[in-house]
Amino acid sequence: MGYTIALIGIALCVLLCGIGSCLGLYKTSTAAAGVLGEDPKKFGKVMVLVLLPATQGIYGFIIGIIASGSLNVAMSTELGWAMVGAVIPMAFSGLISAFFQGKSAVNCIYAVGKQETLSGKLIVYPGMIEFYAILGLIVSIMFIALV
């Protein structure tokens with residue numbers, strides 16, 4: 001039973017991080033399409049901002065790989081729940097930060113559309129949101145090591 005509980009928790013972590021990234025990427029890619037429709041030369045300037053929310057999906061996938069290495073068919077129920085607890089920081093920080101990072105990056109993309117020279121400076125704002133996804137990643141890695 002513990003194996004199944006842990007497996008569901010790991011799958012939810014990967015899924016929630018992926019959902020957050022998809023939502024963030026949807027927002028950034030549609031904003032970029034509008035900006036590039038007016039000036040295709042700005043592709044390089046907006047591409048980094050578009051891709052920022054994708055990192056949370058990658059982090060969730062990394063946690064899935066690391067946590068699956070700790071799975072054991074004979075896991076106790078307690079260890080299964082411990083694994084769920086270990087992946088929760090990444091699951092929720094990935095979902096929430098990707099969504100809001102996408103919203104932040106959209107406004108930065110629009111600003112680059114108006115003033116191209118701001119692109120290097122504007123990456124700081126959605127980048128600060130990335131910090132919380134990285135914290136979730138680190139905490140989940142530390143907790144998985146304890147399971």
Side-chain angles (χ1 to χ4, degrees), residues 2-71 75 79-147:
Y3 177 80
T4 304
I5 292 168
L7 197 59
I8 290 170
I10 293 167
L12 279 174
C13 176
V14 174
L15 181 68
L16 291 175
C17 289
I19 289 170
S21 285
C22 285
L23 292 171
L25 287 168
Y26 167 73
K27 290 180 174 299
T28 58
S29 62
T30 55
V35 168
L36 295 176
E38 292 182 18
D39 187 0
K41 294 176 188 169
K42 293 179 180 169
F43 178 80
K45 302 282 185 182
V46 300
M47 193 59 181
V48 174
L49 291 165
V50 169
L51 293 176
L52 276 174
T55 57
Q56 284 84 336
I58 295 167
Y59 299 158
F61 184 71
I62 290 169
I63 289 299
I65 291 171
I66 293 170
S68 66
S70 300
L71 289 178
M75 285 181 102
L79 281 178
W81 283 112
M83 182 62 76
V84 170
V87 300
I88 280 177
M90 185 67 251
F92 287 112
S93 68
L95 172 68
I96 295 167
S97 67
F99 176 76
F100 285 107
Q101 188 176 53
K103 290 181 80 135
S104 173
V106 162
N107 291 315
C108 295
I109 290 167
Y110 290 147
V112 169
K114 291 181 180 183
Q115 192 171 358
E116 189 174 349
T117 58
L118 291 175
S119 65
K121 295 174 185 169
L122 291 173
I123 199 166
V124 170
Y125 302 119
M128 291 187 312
I129 298 169
E130 181 82 16
F131 175 72
Y132 294 96
I134 292 169
L135 289 180
L137 175 69
I138 292 168
V139 169
S140 283
I141 290 172
M142 289 180 349
F143 286 174
I144 290 167
L146 298 174
V147 173

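All values below come from the heavy atoms of this structure, side chains included, with hydrogens, waters and symmetry mates left out. All figures in this text were calculated on a predicted structure; none of them were measured in a lab.
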Exercise. Stepwise, does the side chain to side chain donor-acceptor pair (under 3.5 Å) test hold for Q56 with S21?
Worked result: CA-CA 6 Å; Q56 284 84 336; S21 285; 4.7 Å; no
- Yes or no on side chain to side chain contact (heavy atoms under 4.5 Å, CB included) for L49 and V112, after CA distance, side-chain angles and deciding distance? CA-CA 10 Å; L49 291 165; V112 169; 4.0 Å; yes
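How far CG of L95 is from SG of C17: 7.5 Å, rounded to the nearest 0.5 Å. With rounding to the nearest 0.5 Å, the separation of CG in L15 from CD1 in I8 is 12.5 Å. Taking CZ of F99 as the reference point, atom CD1 of I129 lies at 11.0 Å (rounded to 0.5 Å). Going from atom CG of L122 over to atom OH of Y110 covers 14.0 Å, rounded to the nearest 0.5 Å. If you take CD1 on I58 and CG on L51, they are separated by 9.0 Å, rounding to the nearest 0.5 Å. To the nearest 0.5 angstrom, L52 atom CG is 9.0 Å from I109 atom CD1.
A donor-acceptor pair under 3.5 Å is absent between the side-chain atoms of S140 and the main chain of L137, judged by distance alone. A donor-acceptor pair is defined here as one N or O able to donate and one able to accept, closer than 3.5 Å; such a pair exists between the side chain of S97 and the backbone of S93. Distance alone, capped at 3.5 Å, is enough to place a donor-acceptor pair between the Q101 side chain and the P126 backbone.
Residues S119 and K45 come closest through the heavy atom pair OG-CD, 3.2 Å. Considering all non-hydrogen atoms of both residues, L16 and F92 come closest at CD1-CE2, 4.5 Å.
Within the 4.5 Å cutoff, side-chain heavy atoms of L71 are placed close to those of S68.
Of the N and O atoms on the side chains of Y59 and E130, at least one donor lies less than 3.5 Å from an acceptor on the other residue.
With sequence neighbours left out, the side chain to side chain contact (heavy atoms under 4.5 Å, CB included) criterion links A67 to I10, M83, V87, I144. Taking I5 as the reference, M1, T77, W81, V84 meet the side chain to side chain contact (heavy atoms under 4.5 Å, CB included) condition, with sequence neighbours excluded.
Counting only residues at least two apart or on different chains, no side chain to side chain donor-acceptor pair (under 3.5 Å) pair has a member in residues 26-37.
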